[in-house]
Engineer: 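I'd like to ask some things about the structure below.
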Amino acid sequence: MRVEIWSDIACPWCYIGKARFEKGLAGFAHRDEVEVVHRSFELDPAYPKGDTAQVIDMLAQKYGRTREEARAMEANVAANAQSEGLGYLTEGRDHGNTFDIHRLLHLAKVRGRQDELLSLAYRANFAEERSVFDGDVLVELAVEAGLDADEARAVLADPQAYAAEVRADEREASELGANAVPFFVLDRRYGISGGQPAEVFAQALEQAWQDRPLTAIGGDAAACDADGACEVPQTGSNA
């Protein structure tokens, strides 16, 4: 079974949702047969590349709130993160364009280290004073995830590297009707929006597993159809 997760590094509920999904998955009897694929989604694609702002200032401006109200919003998210055992800084975090991070995550996917890099990037962005909008920090995270430093630098230096893959993920999200993240798709049959409790993910995994289509084993062989007509094997056939 495949689970696809559309998310953005700048999204705190994606950070929390990943932890909750993993808790739900940990208790799933068939967890070793679940393939998890992370897909790209930019919450603020028009944000100028290279520019950053403090998160409190960004929230106050974006939602028309005072800085005190923005701090209260962040405190609420922090409480949810901490309830899942996650670190969360409410002050001092940067906000910026996440396109390069998504491109690097596609490199990590090719190298089989996508989940490792995503987890490190979330922790750096939300729990540590390391700006994921700094190229040098991204290379450090890539190395920590098991990627080659020179290859990571080459991807970041080439704006076209994995750009098509990021855009393809975003188009697919739009086609699926995903206009917010995190967005989870189970076997292209069930969609879950938001950082739901672990119990919701556990129930969804069970339901999706039970509703999987039958898998055909073996090739074509003689059979009877619904009208009662039976195929007669050719003489000498061992069908």
Side-chain angles (χ1 to χ4, degrees), residues 1-45 73-74 76-88 98 101-102 104-106 108-127 145 165-217:
M1 186 168 70
R2 170 180 281 199
V3 177
E4 297 163 278
I5 307 173
W6 274 264
S7 60
D8 192 10
I9 287 295
C11 166
W13 290 108
C14 296
Y15 174 49
I16 295 167
K18 183 176 187 294
R20 290 176 174 174
F21 169 76
E22 288 171 350
K23 285 184 179 179
L25 180 62
F28 181 52
H30 306 283
R31 58 186 175 275
D32 292 338
E33 298 175 70
V34 176
E35 176 192 12
V36 179
V37 178
H38 297 284
R39 299 203 179 276
S40 301
F41 190 105
E42 294 173 276
L43 286 173
D44 200 355
M73 293 167 61
E74 278 289 271
N76 176 61
V77 178
N80 278 271
Q82 290 158 5
S83 72
E84 302 298 333
L86 300 172
Y88 196 95
T98 58
I101 304 170
H102 286 296
L104 202 58
L105 283 165
H106 274 278
K109 178 182 177 183
V110 172
R111 298 290 178 252
R113 309 299 295 174
Q114 188 186 44
D115 189 75
E116 289 81 359
L117 179 57
L118 182 62
S119 295
L120 287 166
Y122 275 141
R123 189 175 69 191
N125 188 45
F126 291 106
E165 287 82 351
V166 175
R167 297 305 183 209
D169 278 357
E170 293 175 336
R171 283 195 303 272
E172 197 162 12
S174 179
E175 291 166 2
L176 290 169
N179 54 18
V181 285
F183 186 66
F184 302 77
V185 177
L186 285 64
D187 256 1
R188 290 299 170 109
R189 297 169 66 84
Y190 297 95
I192 304 172
S193 183
Q196 301 284 349
E199 294 78 11
V200 172
F201 290 117
Q203 293 167 7
L205 287 164
E206 291 286 354
Q207 186 66 49
W209 184 265
Q210 293 170 14
D211 293 347
R212 287 175 306 144
L214 291 174
T215 300
I217 300 175

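Along the sequence shown, residues carry numbers from 1. Since this is a predicted model, take the numbers as computed values, not measurements.
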Engineer: Using the salt bridge (Lys or Arg N to Asp or Glu O under 4.0 Å) rule, collect all pairs that involve residues 192-205, keeping only residues at least two apart or in two chains.
Structural biologist: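 Of all non-adjacent pairs touching residues 192-205, none passes salt bridge (Lys or Arg N to Asp or Glu O under 4.0 Å).
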Engineer: Using a distance-only test with no angle check, is there a side-chain donor-acceptor pair under 3.5 angstrom linking H102 and D169?
Structural biologist: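 There is no such pair between these side chains.
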Engineer: Could R188 and E4 be called an ion pair, given the rule that one side-chain N must be under 4.0 Å from one carboxylate O?
Structural biologist: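 Salt bridge: yes.
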Engineer: For A127, what residues pass the side chain to side chain contact (heavy atoms under 4.5 Å, CB included) criterion, not counting sequence neighbours?
Structural biologist: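 Side chain to side chain contact (heavy atoms under 4.5 Å, CB included) check on A127 returns Y15, R123.
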Engineer: Let me confirm one number: the CZ-CG distance from R189 to D211, rounded to the nearest 0.5 Å.
Structural biologist: 5.5 Å
Engineer: Which residues pass the side chain to side chain contact (heavy atoms under 4.5 Å, CB included) test with N76, not counting sequence neighbours?
Structural biologist: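 For N76, the residues satisfying side chain to side chain contact (heavy atoms under 4.5 Å, CB included) (neighbours in sequence not counted) are N80.
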Engineer: Is the shortest side-chain heavy-atom distance between P182 and W6 below 4.5 Å?
Structural biologist: no
Engineer: What pair of heavy atoms forms the shortest contact from N179 to F41, and how long is it?
Structural biologist: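 Smallest interatomic distance, heavy atoms only, reads C-CZ, 4.0 Å.
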Engineer: Got a sec, which residues hit side chain to side chain contact (heavy atoms under 4.5 Å, CB included) with S193, two or more places apart in sequence or on another chain?
Structural biologist: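 With neighbours one apart ignored, the set is F183.
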Engineer: Salt bridge (Lys or Arg N to Asp or Glu O under 4.0 Å) for E170 and R39? Distances and angles first, verdict last.
Structural biologist: CA-CA 8 Å; E170 293 175 336; R39 299 203 179 276; over 6 Å; no
Engineer: Using the side chain to side chain contact (heavy atoms under 4.5 Å, CB included) criterion, which residues pair with V110? Sequence neighbours excluded.
Structural biologist: Y162
Engineer: Indicate yes or no: does K18 engage E22 in a salt bridge with an N to O separation below 4.0 Å.
Structural biologist: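 Answer for the salt bridge query: yes.
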Engineer: If you look only at pairs with a residue in residues 24-34, which of them pass as a side-chain hydrogen bond (donor to acceptor under 3.5 Å, both in side chains), with sequence neighbours excluded?
Structural biologist: H30-W209
